[in-house]
2 protein chains.
Amino acid sequence: MPLRGKTREQLLASAAGLFHRQGFAATGMAQILEHSGTGSGSLYHFFKNKEDLLQGVLEHYAQRFEVEIAAPARQHADPIERLFAILGFYQLMLEQTSCQLGCPIGNLAGELADSHDSVREGLARLFALWRSEIKACLDAAQDRLAHGTDTEALAMLVLSVMEGGVMQARVERSLRPFENSVAMLRDYLNRLQA
Amino acid sequence: MPLRGKTREQLLASAAGLFHRQGFAATGMAQILEHSGTGSGSLYHFFKNKEDLLQGVLEHYAQRFEVEIAAPARQHADPIERLFAILGFYQLMLEQTSCQLGCPIGNLAGELADSHDSVREGLARLFALWRSEIKACLDAAQDRLAHGTDTEALAMLVLSVMEGGVMQARVERSLRPFENSVAMLRDYLNRLQA
DNA sequence: GTCTATACTTTGATAGAC
DNA sequence: GTCTATCAAAGTATAGAC
């Protein structure tokens, strides 16, 4: 089982992009084949069906989160700035796509969370990954926060603000709902530090 | 054009329920026919295609928001309690469905916001409806809030918290992400009133 | 591991009688 | 306004040679 094949990577990258743009059900296997430049034989050699391919995409997202978001954000020394650096990646994504696409995890969550339980579990793992990175920032800043602040609960709020902000920005085709939501969150964190 | 037909209503109710549970693309016209107990002829008499049916469902949601959520919430005299009463309807929905389903608008947003522009606009109108109701609560409480509070921006935050909280609750199959997010929001509003 | 051809199902939508 | 029959296209997945 050669997990290190260029074809497999191509398949995952194409599927991830198409699922992100069009959704899972609206993306056909044929379209993935065309976009990745591979044939049906290869696809079904690596993945036993469409849902299995999706699971691969979810793993792919976990790796990309670590490399493209979590690691770069850790370069910020201040933990609160680190937290907003994480949110900043989504702001950048919105800017670069004219507020289209939205969050790849959130989109799949809305479409599939109840349909396939294994997919739901995979999405839950991804959310947990984000939250634990956010919680780590908050824990590192805990001495500055109001005594008794529940950083786990606060991390859930941060993720809610991010997902809800991205969703509104996408539907509105405007950065404002995201920017405003994040600005209010920053105001809240400021008040928690007073 | 008889907008008052029982068949049309049935079709909309069935489609709304199925889209909510399974998503748009994953729901077949045949399934809607079966669930509503109508025939293909009736469906295509009232709606010219699947997307047109979806537009009907979006209007249906706008009416239900007014009747089932906005109007009942207005019975709370205190505007801040009125706001949390609106969020309370989603908490109730999560409780009654074991945290399945999620927000019908948010789910469709994640799946379809970029595919059909007219759908995106319909979803934007629905979000605007929610936000204006929330903003009205905040405006009514403005004298209690910190001077210069941007109630429009704050309303966006409230909607972000709601959508993000529901999304996490659904993926996690637990009420906690929603409860925690809303609790933190309440703490923020309390601090804005200090 | 990849290719080509294809089996089989379901899809959204239409036609025409009533 | 509703019924039944049906179409053409697209869907996922498989078979078997190379």
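Heavy-atom basis, side chains included; hydrogens, waters and symmetry copies ignored.
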Chemist: How many Å lie between CD on B/Gln22 and P on C/dT10, as a whole number?
Modeler: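 Spelled out: CD on B/Gln22 to P on C/dT10 is 15 Å.
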
Chemist: Nearest whole angstrom, please: distance from the P of D/dA13 to the CG of A/Asp52.
Modeler: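 Value for this atom pair: 10 Å.
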
Chemist: Closest nucleotide of DNA chain D for A/Thr27 versus for B/Thr38: which of these residues is on the 5' side?
Modeler: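 The 5'-side residue here is B/Thr38.
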
Chemist: Could you tell me how far apart B/Leu33 (CG) and D/dT4 (P) are, to the nearest whole angstrom?
Modeler: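 Checked: the CG to P distance equals 12 Å.
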
Chemist: Dump every N/O contact between nucleotides 13-16 of chain C and the protein below 3.5 Å, one line per pair.
Modeler:
residue: C/dA13; atom: OP2; partner: B/Tyr44; partner atom: OH; Å: 3.3
residue: C/dA13; atom: OP2; partner: B/Lys50; partner atom: N; Å: 2.9
residue: C/dT14; atom: O4; partner: B/Ser40; partner atom: OG; Å: 2.6

Chemist: Write down the distance between CD (A/Gln31) and C1' (D/dA9), rounded to a whole number of angstrom.
Modeler: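 Checked: the CD to C1' distance equals 15 Å.
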
Chemist: Between A/Arg120 and A/Asp114 (salt bridge meaning N to carboxylate O under 4.0 Å), is one present in this structure?
Modeler: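 A/Asp114 and A/Arg120: not salt-bridged.
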
Chemist: Is it true that A/Asp78 and A/Arg144 make a salt bridge, defined as a side-chain N closer than 4.0 Å to a carboxylate O?
Modeler: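 Here A/Asp78 pairs with A/Arg144 in a salt bridge, since their nearest N and O are under 4.0 Å apart.
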
Chemist: Measure from CD1 on A/Ile32 to P on D/dA10 and round the result to the nearest Å.
Modeler: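 It works out to 17 Å between those atoms.
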
Chemist: Which pair of heavy atoms, one from B/Gln91 and one from B/Leu175, lies closest together, and at what distance?
Modeler: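 It is NE2-CD2, 3.6 Å.
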
Chemist: Does A/Arg186 qualify as a cation-pi partner of A/Phe84, given the criterion of NZ or CZ under 6.0 Å from the six-membered ring centre and within 45 degrees of its axis?
Modeler: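 Yes - A/Arg186 lies over the ring of A/Phe84, closer than 6.0 Å to its centre and within 45° of its axis.
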
Chemist: Are side-chain N/O atoms of A/Ser14 and A/Ser36 paired as donor and acceptor at under 3.5 Å?
Modeler: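 Their side chains do not contain a donor-acceptor pair, so the 3.5 Å distance test is not met.
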
Chemist: For B/Ser115 and A/Gln22, which I'm curious about, is there any donor-acceptor pair between the side chains at under 3.5 Å?
Modeler: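 Note: B/Ser115 and A/Gln22 side chains miss the donor-acceptor criterion.
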
Chemist: D/dG11 P sits how many Å from A/Leu53 CG, rounded?
Modeler: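 Distance check: A/Leu53 CG to D/dG11 P gives 15 Å.
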
Chemist: When the distance from CG of A/Leu43 to C1' of D/dT14 is rounded to whole Å, what number comes out?
Modeler: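 Answer to the nearest Å: 13 Å.
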
Chemist: Rounding to a whole Å, what distance do you find between A/Glu34:CD and C/dC3:P?
Modeler: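 Computing the A/Glu34:CD to C/dC3:P distance gives 15 Å.
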
